[in-house]
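Letters go in sequence order (proteins before strands), and every chain restarts at 1.
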Amino acid sequence: MDNITSVRQLYRQPEPYLDQLVTVSGWIRTLRDQKQFGFISLNDGTFFNNLQIVFARDSLANFDAIARLGTGTAVVATGRVVATPGARQPIELQATSIAVEGECPPDYPLQPKRHSPEFLRSIAHLRPRTNLLAAVFRIRSVAAFAIHRFFNERHFVYVHTPIITGSDAEGAGQMFTVTTLDVDKPARKPDGTIDFERDFFGKHTNLTVSGQLNGEAFALAFRNIYTFGPTFRAENSNTVKHAAEFWMIEPEIAFADLGDDMRLAEDLIKAIIRDVLSECPEEIAFCSQFVDKGLLGRLEQVSTSDFGTITYTDAVAELVKVKDRFSYPVSWGCDLQTEHERYLTEQLFQKPVFVIDYPKEIKAFYMKQNDDGRTVAAMDCLVPGIGEIVGGSQREEDLAKLLQRLAELDMREEDYSWYLQLRRYGSVRHAGFGLGFERLIMYLTGVANIRDVIPFPRTTGSADF
RNA sequence: UCCUCAAUAGCUCAGCUGGUAGAGCAUGCGGCUGUUAACCGCAGGGUCGUAGGUUCGAGUCCUACUUGAGGAGCCA
(Lines give C-alpha, C1' and ligand atoms only; values in the text may rest on other atoms or scores of the structure.)
Protein backbone atom coordinates (compact mmCIF):
# COMPACT_ATOMS: atom_id res chain seq x y z
CA MET A 1 0.00 0.00 0.00
CA ASP A 2 3.02 2.26 0.30
CA ASN A 3 2.76 3.28 -3.35
CA ILE A 4 -0.92 4.28 -3.07
CA THR A 5 -1.60 8.01 -2.86
CA SER A 6 -4.75 9.04 -1.00
CA VAL A 7 -7.26 11.34 -2.63
CA ARG A 8 -7.15 13.37 0.58
CA GLN A 9 -3.46 14.10 0.02
CA LEU A 10 -4.07 15.02 -3.61
CA TYR A 11 -6.78 17.51 -2.72
CA ARG A 12 -5.25 18.96 0.42
CA GLN A 13 -1.69 19.33 -0.90
CA PRO A 14 -1.66 18.88 -4.67
CA GLU A 15 1.55 20.77 -5.46
CA PRO A 16 4.07 17.95 -4.88
CA TYR A 17 2.04 15.63 -7.09
CA LEU A 18 1.41 17.87 -10.10
CA ASP A 19 2.68 16.27 -13.33
CA GLN A 20 3.81 13.24 -11.31
CA LEU A 21 2.73 9.65 -11.80
CA VAL A 22 0.68 8.42 -8.86
CA THR A 23 -1.43 5.35 -8.12
CA VAL A 24 -4.83 5.62 -6.45
CA SER A 25 -7.36 2.99 -5.42
CA GLY A 26 -11.05 3.28 -4.72
CA TRP A 27 -14.60 2.71 -5.86
CA ILE A 28 -16.26 4.09 -8.98
CA ARG A 29 -19.07 6.49 -8.08
CA THR A 30 -19.97 7.31 -11.69
CA LEU A 31 -18.48 6.51 -15.06
CA ARG A 32 -19.20 8.47 -18.25
CA ASP A 33 -17.70 7.29 -21.49
CA GLN A 34 -17.61 8.59 -25.03
CA LYS A 35 -16.09 7.16 -28.16
CA GLN A 36 -12.47 8.17 -27.57
CA PHE A 37 -12.30 8.84 -23.82
CA GLY A 38 -14.18 8.57 -20.58
CA PHE A 39 -14.36 9.89 -17.04
CA ILE A 40 -14.47 8.08 -13.71
CA SER A 41 -15.44 9.78 -10.47
CA LEU A 42 -13.44 7.79 -7.97
CA ASN A 43 -13.99 7.84 -4.22
CA ASP A 44 -11.19 6.23 -2.25
CA GLY A 45 -12.76 6.65 1.18
CA THR A 46 -10.15 9.06 2.50
CA PHE A 47 -11.85 12.21 1.28
CA PHE A 48 -15.39 13.42 0.73
CA ASN A 49 -14.83 14.67 -2.81
CA ASN A 50 -14.20 12.31 -5.71
CA LEU A 51 -11.09 12.28 -7.87
CA GLN A 52 -11.83 12.55 -11.58
CA ILE A 53 -9.92 10.03 -13.64
CA VAL A 54 -9.68 10.64 -17.39
CA PHE A 55 -9.00 7.62 -19.58
CA ALA A 56 -8.49 7.68 -23.35
CA ARG A 57 -8.71 4.98 -26.00
CA ASP A 58 -5.30 5.77 -27.43
CA SER A 59 -3.48 5.52 -24.10
CA LEU A 60 -5.31 2.72 -22.31
CA ALA A 61 -5.05 -0.81 -23.66
CA ASN A 62 -8.16 -2.07 -21.91
CA PHE A 63 -10.25 1.00 -22.76
CA ASP A 64 -13.38 -0.92 -23.82
CA ALA A 65 -13.34 -3.13 -20.73
CA ILE A 66 -12.96 -0.12 -18.43
CA ALA A 67 -15.65 1.86 -20.23
CA ARG A 68 -18.17 -0.90 -19.46
CA LEU A 69 -17.60 -0.81 -15.69
CA GLY A 70 -20.41 0.22 -13.45
CA THR A 71 -20.92 2.18 -10.27
CA GLY A 72 -19.40 0.46 -7.26
CA THR A 73 -16.49 -1.27 -9.03
CA ALA A 74 -13.22 -1.27 -7.09
CA VAL A 75 -10.26 -0.19 -9.21
CA VAL A 76 -6.60 0.68 -8.94
CA ALA A 77 -5.52 3.42 -11.31
CA THR A 78 -2.15 4.93 -12.20
CA GLY A 79 -1.70 8.16 -14.05
CA ARG A 80 -0.43 11.70 -14.17
CA VAL A 81 -1.88 14.33 -11.84
CA VAL A 82 -2.91 17.43 -13.79
CA ALA A 83 -4.12 20.77 -12.55
CA THR A 84 -7.41 21.74 -14.18
CA PRO A 85 -8.07 25.34 -13.23
CA GLY A 86 -11.41 26.50 -14.50
CA ALA A 87 -12.92 23.00 -14.41
CA ARG A 88 -15.33 21.90 -11.73
CA GLN A 89 -12.54 20.09 -9.88
CA PRO A 90 -9.04 21.50 -9.25
CA ILE A 91 -7.14 18.38 -10.32
CA GLU A 92 -7.65 15.18 -12.26
CA LEU A 93 -5.75 12.01 -12.98
CA GLN A 94 -4.93 11.17 -16.59
CA ALA A 95 -4.77 7.39 -16.45
CA THR A 96 -2.03 5.28 -17.97
CA SER A 97 -3.38 2.07 -16.48
CA ILE A 98 -6.58 1.02 -14.71
CA ALA A 99 -6.99 -2.43 -13.15
CA VAL A 100 -10.19 -3.87 -11.75
CA GLU A 101 -9.77 -5.18 -8.21
CA GLY A 102 -13.41 -6.00 -7.48
CA GLU A 103 -16.22 -6.28 -10.02
CA CYS A 104 -19.60 -4.77 -9.25
CA PRO A 105 -22.52 -6.36 -11.12
CA PRO A 106 -25.44 -4.36 -12.56
CA ASP A 107 -27.79 -5.19 -9.67
CA TYR A 108 -25.77 -2.92 -7.35
CA PRO A 109 -28.50 -0.98 -5.52
CA LEU A 110 -26.81 2.41 -5.34
CA GLN A 111 -27.32 4.73 -8.28
CA PRO A 112 -25.82 8.10 -9.04
CA LYS A 113 -28.96 9.85 -7.85
CA ARG A 114 -30.74 10.85 -4.70
CA HIS A 115 -32.03 7.92 -2.65
CA SER A 116 -34.57 8.18 0.14
CA PRO A 117 -33.20 7.80 3.67
CA GLU A 118 -35.69 4.96 4.24
CA PHE A 119 -34.29 2.96 1.33
CA LEU A 120 -30.73 3.58 2.45
CA ARG A 121 -31.58 2.27 5.93
CA SER A 122 -32.61 -1.00 4.29
CA ILE A 123 -29.07 -1.30 2.87
CA ALA A 124 -27.16 -0.07 5.90
CA HIS A 125 -24.13 -2.11 4.84
CA LEU A 126 -23.84 -0.12 1.58
CA ARG A 127 -25.07 3.31 2.58
CA PRO A 128 -21.72 4.63 3.90
CA ARG A 129 -20.76 4.71 0.20
CA THR A 130 -23.24 7.54 -0.38
CA ASN A 131 -22.42 11.22 -0.09
CA LEU A 132 -24.82 11.92 2.77
CA LEU A 133 -23.86 9.01 4.99
CA ALA A 134 -20.17 9.46 4.19
CA ALA A 135 -20.47 13.07 5.39
CA VAL A 136 -22.41 12.11 8.51
CA PHE A 137 -20.06 9.35 9.62
CA ARG A 138 -16.86 11.29 9.03
CA ILE A 139 -18.32 14.16 11.04
CA ARG A 140 -19.30 11.65 13.71
CA SER A 141 -15.73 10.40 13.90
CA VAL A 142 -14.23 13.89 13.98
CA ALA A 143 -16.71 15.01 16.65
CA ALA A 144 -15.87 12.00 18.84
CA PHE A 145 -12.18 12.81 18.62
CA ALA A 146 -12.90 16.51 19.30
CA ILE A 147 -14.63 15.51 22.52
CA HIS A 148 -11.68 13.42 23.69
CA ARG A 149 -9.29 16.22 22.76
CA PHE A 150 -11.36 18.82 24.62
CA PHE A 151 -11.32 16.84 27.85
CA ASN A 152 -7.76 15.64 27.44
CA GLU A 153 -6.49 19.21 27.06
CA ARG A 154 -8.23 20.02 30.37
CA HIS A 155 -6.74 16.93 32.07
CA PHE A 156 -10.07 15.21 32.62
CA VAL A 157 -9.71 11.49 33.35
CA TYR A 158 -11.54 9.28 30.86
CA VAL A 159 -13.45 6.62 32.81
CA HIS A 160 -14.87 3.42 31.38
CA THR A 161 -17.97 2.94 33.47
CA PRO A 162 -19.62 -0.49 33.33
CA ILE A 163 -21.90 -1.54 30.49
CA ILE A 164 -23.52 -4.22 32.65
CA THR A 165 -24.93 -2.85 35.86
CA GLY A 166 -26.29 -4.56 38.94
CA SER A 167 -28.30 -1.64 40.17
CA ASP A 168 -31.70 -1.83 38.52
CA ALA A 169 -32.78 1.32 40.31
CA GLU A 170 -31.18 4.12 38.35
CA GLY A 171 -34.63 5.25 37.35
CA ALA A 172 -33.97 6.43 33.80
CA GLY A 173 -36.47 4.40 31.85
CA GLN A 174 -36.88 0.75 30.88
CA MET A 175 -33.73 -1.37 30.95
CA PHE A 176 -32.56 -4.43 29.02
CA THR A 177 -32.04 -7.47 31.24
CA VAL A 178 -28.71 -9.27 30.87
CA THR A 179 -29.01 -12.96 31.70
CA THR A 180 -27.67 -16.42 30.94
CA LEU A 181 -30.74 -18.10 32.38
CA ASP A 182 -32.68 -20.36 30.03
CA VAL A 183 -35.41 -18.02 28.82
CA ASP A 184 -37.73 -20.98 28.17
CA LYS A 185 -37.25 -22.54 31.59
CA PRO A 186 -35.56 -20.04 33.95
CA ALA A 187 -34.64 -21.05 37.46
CA ARG A 188 -37.51 -20.17 39.77
CA LYS A 189 -37.92 -19.58 43.47
CA PRO A 190 -40.52 -21.51 45.46
CA ASP A 191 -42.96 -18.64 45.03
CA GLY A 192 -42.69 -18.93 41.23
CA THR A 193 -40.69 -15.75 40.59
CA ILE A 194 -37.46 -15.97 38.62
CA ASP A 195 -34.46 -16.83 40.79
CA PHE A 196 -31.77 -14.41 39.68
CA GLU A 197 -29.45 -15.66 42.45
CA ARG A 198 -28.79 -18.56 40.11
CA ASP A 199 -28.07 -16.23 37.18
CA PHE A 200 -24.53 -15.50 35.92
CA PHE A 201 -23.87 -12.61 38.32
CA GLY A 202 -25.95 -14.00 41.17
CA LYS A 203 -28.37 -11.13 40.83
CA HIS A 204 -30.58 -9.37 38.31
CA THR A 205 -28.43 -7.30 35.93
CA ASN A 206 -29.15 -4.81 33.14
CA LEU A 207 -27.43 -2.89 30.38
CA THR A 208 -26.51 0.57 31.64
CA VAL A 209 -28.78 3.55 31.12
CA SER A 210 -26.20 6.02 32.45
CA GLY A 211 -22.66 6.03 33.74
CA GLN A 212 -23.31 8.98 35.99
CA LEU A 213 -23.40 7.34 39.42
CA ASN A 214 -20.14 5.50 38.74
CA GLY A 215 -18.76 8.70 37.25
CA GLU A 216 -19.45 10.56 40.48
CA ALA A 217 -17.29 8.06 42.36
CA PHE A 218 -14.36 8.83 40.07
CA ALA A 219 -14.98 12.59 40.15
CA LEU A 220 -14.60 12.42 43.92
CA ALA A 221 -11.13 10.96 43.38
CA PHE A 222 -9.84 12.62 40.18
CA ARG A 223 -11.88 15.85 40.43
CA ASN A 224 -12.66 16.07 36.71
CA ILE A 225 -13.70 13.02 34.73
CA TYR A 226 -15.82 12.06 31.76
CA THR A 227 -17.35 8.97 30.29
CA PHE A 228 -18.04 8.37 26.63
CA GLY A 229 -19.69 5.10 25.83
CA PRO A 230 -22.77 3.20 24.74
CA THR A 231 -26.03 3.44 26.62
CA PHE A 232 -29.16 1.34 26.33
CA ARG A 233 -32.83 2.10 26.79
CA ALA A 234 -35.58 -0.48 26.31
CA GLU A 235 -38.27 2.16 25.94
CA ASN A 236 -40.78 1.35 23.22
CA SER A 237 -40.44 4.76 21.65
CA ASN A 238 -40.67 5.30 17.92
CA THR A 239 -39.44 8.80 17.13
CA VAL A 240 -36.77 10.50 15.06
CA LYS A 241 -34.60 11.13 18.10
CA HIS A 242 -34.72 7.91 20.14
CA ALA A 243 -32.71 4.74 19.71
CA ALA A 244 -32.34 1.66 21.91
CA GLU A 245 -28.55 1.87 21.70
CA PHE A 246 -26.85 5.25 21.65
CA TRP A 247 -23.71 6.96 22.88
CA MET A 248 -23.50 9.50 25.63
CA ILE A 249 -20.85 11.79 27.03
CA GLU A 250 -21.09 12.34 30.78
CA PRO A 251 -18.57 14.66 32.43
CA GLU A 252 -18.54 15.02 36.19
CA ILE A 253 -16.63 17.81 37.93
CA ALA A 254 -15.87 18.18 41.66
CA PHE A 255 -15.54 21.43 43.67
CA ALA A 256 -17.92 22.83 41.06
CA ASP A 257 -21.43 24.20 40.98
CA LEU A 258 -24.16 24.53 38.37
CA GLY A 259 -22.53 27.61 36.80
CA ASP A 260 -19.27 25.72 36.28
CA ASP A 261 -21.31 22.88 34.78
CA MET A 262 -23.02 25.19 32.28
CA ARG A 263 -19.75 26.84 31.24
CA LEU A 264 -18.25 23.40 30.65
CA ALA A 265 -21.18 22.33 28.47
CA GLU A 266 -21.06 25.53 26.44
CA ASP A 267 -17.30 25.38 25.96
CA LEU A 268 -17.53 21.72 24.94
CA ILE A 269 -20.23 22.27 22.32
CA LYS A 270 -18.39 25.26 20.86
CA ALA A 271 -15.10 23.35 20.73
CA ILE A 272 -16.73 20.45 18.90
CA ILE A 273 -18.28 22.79 16.33
CA ARG A 274 -14.97 24.58 15.75
CA ASP A 275 -13.12 21.30 15.20
CA VAL A 276 -15.76 19.94 12.83
CA LEU A 277 -15.88 23.18 10.84
CA SER A 278 -12.12 23.23 10.40
CA GLU A 279 -11.63 19.51 9.71
CA CYS A 280 -14.76 18.69 7.69
CA PRO A 281 -15.42 21.73 5.48
CA GLU A 282 -16.46 19.57 2.48
CA GLU A 283 -18.87 17.51 4.57
CA ILE A 284 -20.42 20.55 6.24
CA ALA A 285 -20.76 22.29 2.89
CA PHE A 286 -22.57 19.27 1.50
CA CYS A 287 -24.96 19.06 4.46
CA SER A 288 -25.53 22.79 4.28
CA GLN A 289 -26.46 22.52 0.59
CA PHE A 290 -28.52 19.31 0.54
CA VAL A 291 -29.75 18.68 4.10
CA ASP A 292 -30.29 21.99 5.88
CA LYS A 293 -29.68 25.29 4.09
CA GLY A 294 -29.08 27.23 7.28
CA LEU A 295 -26.60 24.78 8.77
CA LEU A 296 -23.27 26.48 8.12
CA GLY A 297 -24.45 29.91 9.23
CA ARG A 298 -26.01 28.51 12.37
CA LEU A 299 -22.92 26.54 13.37
CA GLU A 300 -20.68 29.55 12.81
CA GLN A 301 -22.99 31.74 14.83
CA VAL A 302 -23.31 29.27 17.72
CA SER A 303 -19.57 28.71 17.94
CA THR A 304 -18.94 32.41 18.48
CA SER A 305 -21.93 33.71 20.45
CA ASP A 306 -22.86 33.20 24.10
CA PHE A 307 -25.61 30.80 25.07
CA GLY A 308 -28.66 32.24 26.84
CA THR A 309 -29.74 31.41 30.36
CA ILE A 310 -33.21 31.53 31.87
CA THR A 311 -34.68 30.03 35.01
CA TYR A 312 -37.51 27.56 34.71
CA THR A 313 -39.73 30.01 36.60
CA ASP A 314 -38.99 32.87 34.17
CA ALA A 315 -39.35 30.52 31.21
CA VAL A 316 -42.83 29.50 32.33
CA ALA A 317 -43.73 33.18 32.70
CA GLU A 318 -42.61 33.80 29.10
CA LEU A 319 -44.49 30.75 27.83
CA VAL A 320 -47.70 31.79 29.60
CA LYS A 321 -47.57 35.11 27.68
CA VAL A 322 -47.93 33.23 24.38
CA LYS A 323 -49.81 30.19 25.62
CA ASP A 324 -52.37 30.43 22.81
CA ARG A 325 -49.85 29.11 20.29
CA PHE A 326 -49.34 25.85 22.19
CA SER A 327 -51.52 22.76 22.22
CA TYR A 328 -50.36 21.86 25.74
CA PRO A 329 -51.08 24.20 28.65
CA VAL A 330 -48.20 25.71 30.62
CA SER A 331 -48.07 26.24 34.33
CA TRP A 332 -45.40 26.24 37.04
CA GLY A 333 -44.65 22.65 38.00
CA CYS A 334 -45.34 21.03 34.65
CA ASP A 335 -42.66 19.49 32.49
CA LEU A 336 -41.84 21.55 29.40
CA GLN A 337 -43.16 20.00 26.19
CA THR A 338 -41.18 19.81 22.97
CA GLU A 339 -43.18 22.73 21.57
CA HIS A 340 -42.33 24.84 24.63
CA GLU A 341 -38.64 24.04 24.42
CA ARG A 342 -38.57 24.88 20.74
CA TYR A 343 -40.27 28.23 21.34
CA LEU A 344 -37.71 29.17 23.96
CA THR A 345 -34.66 28.36 21.85
CA GLU A 346 -35.98 29.11 18.34
CA GLN A 347 -38.22 32.13 18.94
CA LEU A 348 -37.40 33.79 22.25
CA PHE A 349 -33.61 33.39 22.28
CA GLN A 350 -32.90 32.29 18.70
CA LYS A 351 -29.80 30.48 19.94
CA PRO A 352 -28.89 27.73 22.43
CA VAL A 353 -30.27 28.43 25.88
CA PHE A 354 -29.88 26.90 29.32
CA VAL A 355 -33.07 26.48 31.33
CA ILE A 356 -32.11 26.13 35.00
CA ASP A 357 -33.63 25.59 38.45
CA TYR A 358 -36.47 23.17 37.70
CA PRO A 359 -39.13 22.10 40.23
CA LYS A 360 -37.69 19.24 42.22
CA GLU A 361 -40.76 17.08 41.59
CA ILE A 362 -39.99 16.67 37.88
CA LYS A 363 -36.26 15.98 38.29
CA ALA A 364 -34.10 13.12 39.58
CA PHE A 365 -33.46 12.39 43.25
CA TYR A 366 -29.74 13.17 43.17
CA MET A 367 -30.06 16.81 42.10
CA LYS A 368 -28.92 19.59 44.41
CA GLN A 369 -31.82 21.11 46.33
CA ASN A 370 -31.91 24.88 46.12
CA ASP A 371 -32.47 27.10 49.15
CA ASP A 372 -36.00 27.98 48.03
CA GLY A 373 -37.05 24.47 49.00
CA ARG A 374 -38.92 23.81 45.78
CA THR A 375 -36.38 23.83 42.94
CA VAL A 376 -33.19 21.91 42.17
CA ALA A 377 -29.97 23.09 40.51
CA ALA A 378 -30.68 21.37 37.19
CA MET A 379 -29.99 22.61 33.69
CA ASP A 380 -31.20 21.59 30.25
CA CYS A 381 -29.46 23.02 27.21
CA LEU A 382 -31.92 23.54 24.37
CA VAL A 383 -30.78 24.08 20.78
CA PRO A 384 -32.80 25.18 17.74
CA GLY A 385 -34.11 22.32 15.64
CA ILE A 386 -33.37 19.55 18.11
CA GLY A 387 -34.58 20.67 21.54
CA GLU A 388 -32.78 19.21 24.52
CA ILE A 389 -29.21 18.23 23.74
CA VAL A 390 -27.69 18.40 27.23
CA GLY A 391 -29.27 17.62 30.59
CA GLY A 392 -27.35 18.05 33.81
CA SER A 393 -27.29 19.27 37.36
CA GLN A 394 -25.31 20.04 40.43
CA ARG A 395 -25.49 16.93 42.62
CA GLU A 396 -26.79 16.88 46.19
CA GLU A 397 -23.66 16.47 48.29
CA ASP A 398 -25.44 16.73 51.68
CA LEU A 399 -26.07 13.20 52.97
CA ALA A 400 -29.04 14.19 55.16
CA LYS A 401 -30.84 15.96 52.32
CA LEU A 402 -30.17 13.08 49.94
CA LEU A 403 -31.54 10.54 52.42
CA GLN A 404 -34.59 12.70 52.97
CA ARG A 405 -35.20 12.88 49.22
CA LEU A 406 -34.89 9.11 48.84
CA ALA A 407 -37.47 8.67 51.57
CA GLU A 408 -39.86 11.16 49.94
CA LEU A 409 -39.65 9.22 46.70
CA ASP A 410 -40.08 5.87 48.45
CA MET A 411 -36.71 4.64 47.16
CA ARG A 412 -34.70 1.99 49.01
CA GLU A 413 -31.58 3.28 50.76
CA GLU A 414 -29.79 -0.07 50.50
CA ASP A 415 -29.89 0.08 46.68
CA TYR A 416 -27.66 3.17 46.87
CA SER A 417 -25.35 2.26 49.75
CA TRP A 418 -22.06 2.85 47.89
CA TYR A 419 -23.41 6.02 46.27
CA LEU A 420 -24.45 7.38 49.68
CA GLN A 421 -21.00 6.62 51.08
CA LEU A 422 -19.60 9.16 48.63
CA ARG A 423 -21.47 11.76 50.74
CA ARG A 424 -20.15 10.34 54.00
CA TYR A 425 -16.45 10.33 53.15
CA GLY A 426 -15.15 13.72 52.09
CA SER A 427 -18.22 14.85 50.19
CA VAL A 428 -17.78 17.97 48.08
CA ARG A 429 -20.01 20.00 45.81
CA HIS A 430 -19.97 18.55 42.32
CA ALA A 431 -21.90 18.66 39.08
CA GLY A 432 -22.17 16.99 35.70
CA PHE A 433 -24.25 16.52 32.61
CA GLY A 434 -25.11 14.10 29.87
CA LEU A 435 -24.67 14.98 26.21
CA GLY A 436 -26.47 12.73 23.73
CA PHE A 437 -23.85 12.05 21.07
CA GLU A 438 -26.31 11.21 18.29
CA ARG A 439 -28.36 14.32 18.95
CA LEU A 440 -25.16 16.31 18.73
CA ILE A 441 -24.42 14.74 15.35
CA MET A 442 -27.95 15.57 14.19
CA TYR A 443 -27.31 19.16 15.25
CA LEU A 444 -23.95 19.23 13.45
CA THR A 445 -25.28 17.79 10.17
CA GLY A 446 -28.90 18.91 10.04
CA VAL A 447 -29.97 15.27 9.60
CA ALA A 448 -33.48 14.91 11.03
CA ASN A 449 -33.56 11.21 11.95
CA ILE A 450 -31.35 9.56 14.57
CA ARG A 451 -31.37 6.36 12.47
CA ASP A 452 -29.27 8.19 9.89
CA VAL A 453 -26.48 9.24 12.25
CA ILE A 454 -25.85 5.76 13.75
CA PRO A 455 -23.94 3.33 11.51
CA PHE A 456 -26.23 0.38 12.27
CA PRO A 457 -29.12 1.71 14.35
CA ARG A 458 -31.02 -0.33 16.91
CA THR A 459 -34.57 0.86 17.43
CA THR A 460 -37.85 -0.68 18.53
CA GLY A 461 -38.50 -3.73 16.35
CA SER A 462 -35.28 -3.34 14.35
CA ALA A 463 -31.80 -4.74 14.98
CA ASP A 464 -30.70 -5.71 11.48
CA PHE A 465 -27.12 -5.84 10.21
C1' U B 1 -47.87 2.50 23.75
C1' C B 2 -51.48 6.08 21.27
C1' C B 3 -52.87 9.05 16.76
C1' U B 4 -52.20 9.96 11.39
C1' C B 5 -50.40 8.66 6.63
C1' A B 6 -48.22 5.35 3.18
C1' A B 7 -47.04 0.44 0.46
C1' U B 8 -47.44 0.14 -7.84
C1' A B 9 -40.62 -1.89 -12.17
C1' G B 10 -33.97 -2.31 -8.96
C1' C B 11 -34.78 3.32 -7.14
C1' U B 12 -38.16 7.86 -7.04
C1' C B 13 -43.03 8.38 -8.26
C1' A B 14 -47.88 9.06 -11.56
C1' G B 15 -52.25 6.13 -12.23
C1' C B 16 -59.11 10.98 -11.46
C1' U B 17 -65.89 9.24 -9.92
C1' G B 18 -63.81 0.95 -10.12
C1' G B 19 -63.08 -1.19 -16.81
C1' U B 20 -56.70 -6.11 -15.77
C1' A B 21 -50.46 -0.57 -15.66
C1' G B 22 -47.02 4.47 -17.17
C1' A B 23 -42.71 8.13 -16.67
C1' G B 24 -37.72 9.51 -15.10
C1' C B 25 -33.42 7.27 -13.26
C1' A B 26 -30.94 2.44 -13.11
C1' U B 27 -29.81 -2.00 -16.40
C1' G B 28 -28.55 -3.96 -21.72
C1' C B 29 -27.29 -2.46 -26.86
C1' G B 30 -26.00 1.60 -30.23
C1' G B 31 -24.33 6.99 -31.02
C1' C B 32 -21.34 11.21 -29.43
C1' U B 33 -13.52 14.43 -28.91
C1' G B 34 -14.10 17.01 -22.00
C1' U B 35 -17.92 14.85 -19.40
C1' U B 36 -19.10 15.77 -14.26
C1' A B 37 -26.64 13.19 -10.79
C1' A B 38 -23.68 14.04 -18.92
C1' C B 39 -26.62 13.90 -23.38
C1' C B 40 -29.40 11.34 -27.82
C1' G B 41 -31.85 6.64 -29.80
C1' C B 42 -33.69 1.57 -29.02
C1' A B 43 -34.83 -2.58 -25.74
C1' G B 44 -35.91 -5.77 -21.55
C1' G B 45 -38.17 -5.38 -16.78
C1' G B 46 -44.34 -5.26 -12.64
C1' U B 47 -49.17 -12.02 -10.18
C1' C B 48 -49.78 -3.23 -7.85
C1' G B 49 -47.25 -5.42 0.65
C1' U B 50 -50.19 -10.18 2.52
C1' A B 51 -55.02 -12.57 3.33
C1' G B 52 -60.09 -12.13 2.90
C1' G B 53 -64.58 -9.39 1.19
C1' U B 54 -68.02 -6.20 -2.08
C1' U B 55 -68.68 -6.25 -7.56
C1' C B 56 -70.05 -8.79 -14.05
C1' G B 57 -65.14 -6.58 -13.20
C1' A B 58 -60.52 -4.06 -7.87
C1' G B 59 -53.89 -0.88 -8.32
C1' U B 60 -58.52 1.97 -7.16
C1' C B 61 -63.88 0.50 -2.44
C1' C B 62 -64.29 -2.37 2.67
C1' U B 63 -61.91 -5.47 6.83
C1' A B 64 -57.73 -7.63 9.19
C1' C B 65 -52.61 -8.26 9.31
C1' U B 66 -47.40 -6.97 8.02
C1' U B 67 -43.80 -3.33 7.07
C1' G B 68 -42.29 1.72 6.79
C1' A B 69 -42.76 6.99 7.80
C1' G B 70 -44.49 11.38 10.58
C1' G B 71 -46.57 13.31 15.23
C1' A B 72 -47.35 12.48 20.76
C1' G B 73 -45.59 10.50 25.40
C1' C B 74 -40.70 9.25 27.62
C1' C B 75 -36.03 11.03 27.30
C1' A B 76 -30.26 11.76 25.60
Any donor-acceptor pair under 3.5 Å joining the side chain of [X] to the base of [N]?
{"X": "A:Gln174", "N": "B:rU1", "result": "no"}
{"X": "A:Arg439", "N": "B:rC75", "result": "yes"}
{"X": "A:Glu92", "N": "B:rG34", "result": "yes"}
{"X": "A:Lys113", "N": "B:rC11", "result": "yes"}
{"X": "A:Gln111", "N": "B:rG10", "result": "yes"}

Would you classify [X] as touching base, sugar-phosphate or nothing, given that sugar-phosphate means primed atoms plus P, OP1 and OP2, and contacts are heavy atoms under 4.0 Å?
{"X": "A:Ala56", "answer": "nothing"}
{"X": "A:Arg114", "answer": "base"}
{"X": "A:Gln52", "answer": "base"}
{"X": "A:Glu438", "answer": "nothing"}
{"X": "A:Pro109", "answer": "nothing"}
{"X": "A:Phe433", "answer": "nothing"}
{"X": "A:Leu110", "answer": "nothing"}
{"X": "A:Thr239", "answer": "base"}
{"X": "A:Asp107", "answer": "nothing"}
{"X": "A:Asn449", "answer": "sugar-phosphate"}
{"X": "A:Phe246", "answer": "base"}
{"X": "A:His242", "answer": "base"}
{"X": "A:Asp335", "answer": "sugar-phosphate"}

Note to self: Can you confirm if the aromatic rings of A:Phe286 and A:Phe48 lie within a centre distance of less than 6.0 Å?
What the structure shows: yes
Between [N] and [M], how many Å separate the two [atom1] atoms, rounded to a whole number?
{"N": "B:rA6", "M": "B:rA64", "atom1": "P", "result": "15 Å"}
{"N": "B:rC2", "M": "B:rG18", "atom1": "P", "result": "33 Å"}
{"N": "B:rU47", "M": "B:rC42", "atom1": "P", "result": "25 Å"}
{"N": "B:rC11", "M": "B:rA51", "atom1": "C1'", "result": "28 Å"}
{"N": "B:rU55", "M": "B:rC40", "atom1": "P", "result": "50 Å"}
{"N": "B:rU60", "M": "B:rA21", "atom1": "C1'", "result": "12 Å"}
{"N": "B:rA58", "M": "B:rU8", "atom1": "C1'", "result": "14 Å"}
{"N": "B:rU54", "M": "B:rC61", "atom1": "C1'", "result": "8 Å"}

When rounded to whole Å, the CE to P distance for the pair A:Met367 and B:rC75 reads 10 Å
Here the distance between atom P of B:rA76 and atom CD of A:Glu245, to the nearest Å, is 17 Å
Report task. Any chance you could lay out the ring-ring contact (aromatic ring centres under 6.0 Å, His included) test for A:Phe437 and A:Phe246, step after step, and finish with the verdict? Result -> CA-CA 7 Å; A:Phe437 187 54; A:Phe246 61 100; over 10 Å; no
So, does [X] get its side chain near the phosphate of [N], meaning an N or O under 4.0 Å from OP1 or OP2?
{"X": "A:Ser116", "N": "B:rU12", "answer": "yes"}
{"X": "A:Arg57", "N": "B:rC32", "answer": "no"}
{"X": "A:Arg451", "N": "B:rA69", "answer": "yes"}

Just so I know, are the side chains of A:Asp464 and A:Phe456 near enough to count as touching, which here means a heavy-atom distance under 4.5 Å? no
Assert: residue with more 5' nearest nucleotide on RNA chain B, out of A:Ser462 and A:Lys241, is A:Ser462
Carefully, step by step, assess A:His340 and A:Tyr328 under the rule ring-ring contact (aromatic ring centres under 6.0 Å, His included). CA-CA 9 Å; A:His340 304 144; A:Tyr328 284 85; 7.1 Å; no
| Cationic tip of A:Arg8 above A:Tyr11 ring, under 6.0 Å, 45° of axis | no
**Asked** Are the charged groups of A:Arg374 and A:Asp357 less than 4.0 angstrom apart, N to O?
**Response** no
